[in-house]
A.B. asks: 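Structure in structure tokens, see below.
Quick caveat: nothing in here was measured; it's all calculated off a predicted structure. Naming: A, B, ... by sequence-line order, numbering from 1 per chain.
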There are 2 protein chains.
Amino acid sequence: MYSTQELIDLRDFYRKQLLDDTIPFWFPRSIDIEQGGYLLMRDQTGNLLDDDKAVWIQGRAAWMLATLYNTFEKDSKWIEGSKSGIDFLNNHCFDTDGRMFFHVTRNGQPLRKRRYFFSETFAVIANAAYAKASGDSQAADKARELFGKCIEYASNPSLLPAKFTAVRPAKGIGVPMIMINTAQQLRENIGDERCDEWISRWITEIERDFIKDDIQCVMESVALDGSIIDHIYGRTLNPGHAMEGAWFILHEARYRNNDQHLIALGCKMLDYMWERGWDKEHGGILYFRDVYDKPVQEYWQDMKFWWPHNEVIIATLLAYLMTGNEKYAQWHRLVHDYAYSHFHDKEYGEWFGYLHRDGTVAQTAKGNLFKGPFHLPRQEWYCYKILAEFLEK
Amino acid sequence: MYSTQELIDLRDFYRKQLLDDTIPFWFPRSIDIEQGGYLLMRDQTGNLLDDDKAVWIQGRAAWMLATLYNTFEKDSKWIEGSKSGIDFLNNHCFDTDGRMFFHVTRNGQPLRKRRYFFSETFAVIANAAYAKASGDSQAADKARELFGKCIEYASNPSLLPAKFTAVRPAKGIGVPMIMINTAQQLRENIGDERCDEWISRWITEIERDFIKDDIQCVMESVALDGSIIDHIYGRTLNPGHAMEGAWFILHEARYRNNDQHLIALGCKMLDYMWERGWDKEHGGILYFRDVYDKPVQEYWQDMKFWWPHNEVIIATLLAYLMTGNEKYAQWHRLVHDYAYSHFHDKEYGEWFGYLHRDGTVAQTAKGNLFKGPFHLPRQEWYCYKILAEFLEK
């Protein structure tokens, strides 16, 4: 259990880490004054490794900066920083078919477009948070229009190029999960009448098709009818991802006046996947597991990545604050202590992204195609916020 | 230096490992008597993990079995085993556009087709080796026809779907490398007039565009004019792959009566990339390195994979036998001892595929989408063969 003083200390710790350590690693130096957007591929010390831009992370960083403005302090540096990303996204990151690129050059020429629509979901949350910060109705329109497209893609995958043939159709939990979070951000920043109903549908889909009570598991992918695909890729679990989904659902429970069904659902997902993901030997969250404990395809399956730890820190803290269940305080303490002692770079700030199973650093980059100012600052911001609200009561 | 007795012992060791340990792990149990082809996705003990079939490995296994028939003993089990794969490839693994699939179900329904033509190159060597073993002229025709297609794809990448846009064109060493080996196998099994000239062209391309003497490096990818692409992905080196390329070129030098220029070229590639790839702290070959020692994108860059060790065992032994240079005997001893003490599974046979940097096993599967009976048995077969020929002289 956490005492009130411990919760106060945690609240202050997350705020201080966010504002004095994490955000200063990235900003202001990463704002690309010449070409717009952000230069985020940085080494341990902060030197630029590559001036290319990952579109996902351009959107995520713009969202984070606008969110700091909306929720911490109305300092023009945050909103101006956010606008740099918003303009870059809108001016350079869309293909002529309306879909977004994945990887572009510093000046916005496209290098790669992928089959997925995650660039679009991050552009929704960026535009929504920026619209709230600035009152810019064009950004609000853009967020709503793109959210509509995301609903179409999520509802009809045949609109996007397929990676696999139609022989053994499958679906991933990633789509309903990202859509829940996208809709929550859109709704809570600028409001959108579509969100409540769609969030309910995506939660229903997760509950019906991905959660397996008989084996106490949240599947990462399943057949279209929810059955387990008993092949290597179909058996592969991503516990950190499932626990991220757990807190999206707990967040929804909180929004819906502590909806008891959703609290039970989110806690169940957390319970099942903590058991599968927590490394009892070395600590930390294992990246992939096989549902039947067989070897998985991905050889790096037992590495510790930064982002599952951010998501599980949120999930365990939120579960604890919502239920008071002692177990979640214990788990939160375990994952928080593991993460801040192994991932945090005490010398240059921010976190390393990739540890070996035994907790040693495998790779020192702070930013690359997939890592940037998102999971860590979001965790520190969100944990600060829920602790502050809890302690106010 | 190796004494003659040590070389005899090594020759006998590789033969024994191949015939008493590696091949018996896979065969006869992996031949799919019901559906044709091979069931190769197996766990440590040999139990089936998945009955899907990886098309690359169907071709590689058919090549290996026919090669055992051609070079060890004319036992019908080898040629019949090879035929099972040849028939499966020809009956199930081609799309209607003539390109091949990457991943199919047990009964040959396509699950995934990729942008590359490696399935095709392995079908060339499988058909060529089987044609030599059986005298089947249809298989010989198929090998030659497919080799022609591979030349077209290699010469004109726009025939295949692109992963990247045309903004920053690049090319990989993988294409000229795989084509050299494919042509060597075709030529040495059934003869083909195109091979010598094309092999010379691909070696020229590697020498001109991928080898950087000023920084003593073999690049994994470069711009079309051979310049280094100074972005994370362009700087990423794959030392084990480059050392595999080194032995393809040493093999060519041997075929061309010890062509001195090619010997120097192959040894240079080995020298440069041993220096970059050998892990001086833990032993073994590191998977990826950055050309300027910056962090690479791939978080698992410091893992030890089985196949680079197979390729470097061949490269160092061949370099030693061709040059007598003491250094290569030392390196061969280092990589051989590391590999057989860390990868080899003394309990169930064959090798583990994936070790952590410190040499502990990360993943126990013996076969999956990318690992099967190829790099290890090829290494044991090839090393046996060159040692036997050397000792006969």
Side-chain angles (χ1 to χ4, degrees), chain A residues 41-44 47 49-52 95 101 103-106 109-114 161-168 170 230-235 287-288 290 292 294-305 352-358 360 362-371, chain B residues 41-44 47 49-52 95 101 103-106 109-114 161-168 170 230-235 287-288 290 292 294-305 352-358 360 362-371:
Chain A
M41 299 192 189
R42 295 185 179 274
D43 72 9
Q44 177 178 4
N47 288 327
L49 282 170
D50 193 329
D51 65 4
D52 284 347
D95 199 355
F101 296 111
H103 182 181
V104 301
T105 64
R106 181 175 178 185
Q109 294 177 81
L111 291 168
R112 189 173 169 206
K113 184 173 165 185
R114 291 180 75 196
K163 181 166 178 176
F164 294 94
T165 67
V167 165
R168 191 189 289 152
D230 193 4
H231 291 273
I232 293 172
Y233 67 89
R235 292 195 303 260
Y287 200 91
F288 285 125
D290 182 278
Y292 304 129
K294 296 182 180 183
V296 297
Q297 173 67 49
E298 282 76 13
Y299 23 86
W300 44 274
Q301 36 87 31
D302 66 0
M303 289 183 74
K304 310 287 164 64
F305 279 37
F352 299 112
Y354 311 95
L355 311 181
H356 302 119
R357 182 173 179 191
D358 67 8
T360 54
Q363 213 261 41
T364 56
K366 297 283 172 59
N368 58 27
L369 257 183
F370 294 99
K371 184 174 186 293
Chain B
M41 299 191 186
R42 295 185 178 274
D43 72 9
Q44 177 179 3
N47 288 327
L49 282 170
D50 193 329
D51 65 5
D52 284 348
D95 200 355
F101 296 112
H103 183 180
V104 301
T105 63
R106 182 175 179 187
Q109 294 178 80
L111 292 168
R112 190 174 169 206
K113 184 173 165 185
R114 292 180 75 195
K163 181 166 179 177
F164 294 94
T165 68
V167 165
R168 192 189 288 153
D230 194 5
H231 291 273
I232 293 171
Y233 67 89
R235 292 194 303 262
Y287 200 91
F288 286 125
D290 182 278
Y292 305 129
K294 297 181 180 182
V296 297
Q297 173 67 50
E298 284 75 13
Y299 24 84
W300 44 275
Q301 36 86 31
D302 66 1
M303 289 183 73
K304 311 285 164 64
F305 278 37
F352 298 113
Y354 310 95
L355 310 182
H356 302 119
R357 183 174 177 191
D358 67 8
T360 53
Q363 213 260 42
T364 56
K366 298 282 171 60
N368 59 28
L369 256 183
F370 294 98
K371 185 174 186 295

A.B. asks: Measure distances from B/F305 to the heavy atoms of chain A and classify the residue's part below 4.5 Å as side chain, backbone, both or neither.
C.D. replies: side chain
A.B. asks: Any side-chain heavy-atom pair from B/M303 and A/Y299 closer than 4.5 angstrom?
C.D. replies: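 Yes, side chains in contact.
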A.B. asks: Among the options B/I232, B/L111, B/N368, pick out the one with the most heavy-atom pairs lying under 4.5 Å from chain A.
C.D. replies: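 That would be B/L111.
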A.B. asks: Check step by step if salt bridge (Lys or Arg N to Asp or Glu O under 4.0 Å) holds for A/D230 and A/R235.
C.D. replies: CA-CA 6 Å; A/D230 193 4; A/R235 292 195 303 260; 2.8 Å; yes
A.B. asks: Measure distances from B/D51 to the heavy atoms of chain A and classify the residue's part below 4.5 Å as side chain, backbone, both or neither.
C.D. replies: both
A.B. asks: When only pairs under 4.5 Å are counted, which of B/K371, B/K163, B/Q109 shares the most heavy-atom pairs with chain A?
C.D. replies: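 Highest number of pairs under 4.5 Å: B/K163.
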A.B. asks: With side chains defined as the heavy atoms from C-beta onward, is the minimum distance between A/F288 and A/W300 less than 4.5 Å?
C.D. replies: yes
A.B. asks: Under a 4.0 Å threshold between the charged nitrogen and the carboxylate oxygen, would A/R106 count as salt-bridged to A/D52?
C.D. replies: no
A.B. asks: Between chain A and each of B/L49, B/V296, B/T364, count heavy-atom pairs under 4.5 Å; write down the option with the most.
C.D. replies: B/L49
A.B. asks: Find out whether B/Q301 and A/Q363 are in side-chain contact, i.e. whether some heavy atom of one side chain is under 4.5 Å from a heavy atom of the other.
C.D. replies: yes
A.B. asks: Under a 4.5 Å cutoff for heavy-atom pairs, which residue among A/M41, A/H231, A/R114 has the most contacts with chain B?
C.D. replies: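 Counting heavy-atom pairs under 4.5 Å, the top option is A/H231.
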A.B. asks: May I ask you to name which of B/R168, B/Q44, B/K113 has the most heavy-atom pairs under 4.5 Å with chain A?
C.D. replies: B/R168
A.B. asks: Measure from NZ or CZ of B/K366 to the centre of the six-membered ring of B/F352 and say whether it is under 6.0 Å with the direction within 45° of the ring axis.
C.D. replies: yes
A.B. asks: Do B/H103 and A/Y233 come within less than 4.5 Å of each other through their side chains, counting heavy atoms only?
C.D. replies: yes
A.B. asks: At a heavy-atom distance under 4.5 Å, which candidate from A/E298, A/R357, A/Q297 has the highest pair count against chain B?
C.D. replies: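 Going by pairs under 4.5 Å, I would pick A/Q297.
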A.B. asks: Side chain, backbone, both or neither: which part of B/D302 has a heavy atom under 4.5 Å from chain A?
C.D. replies: side chain
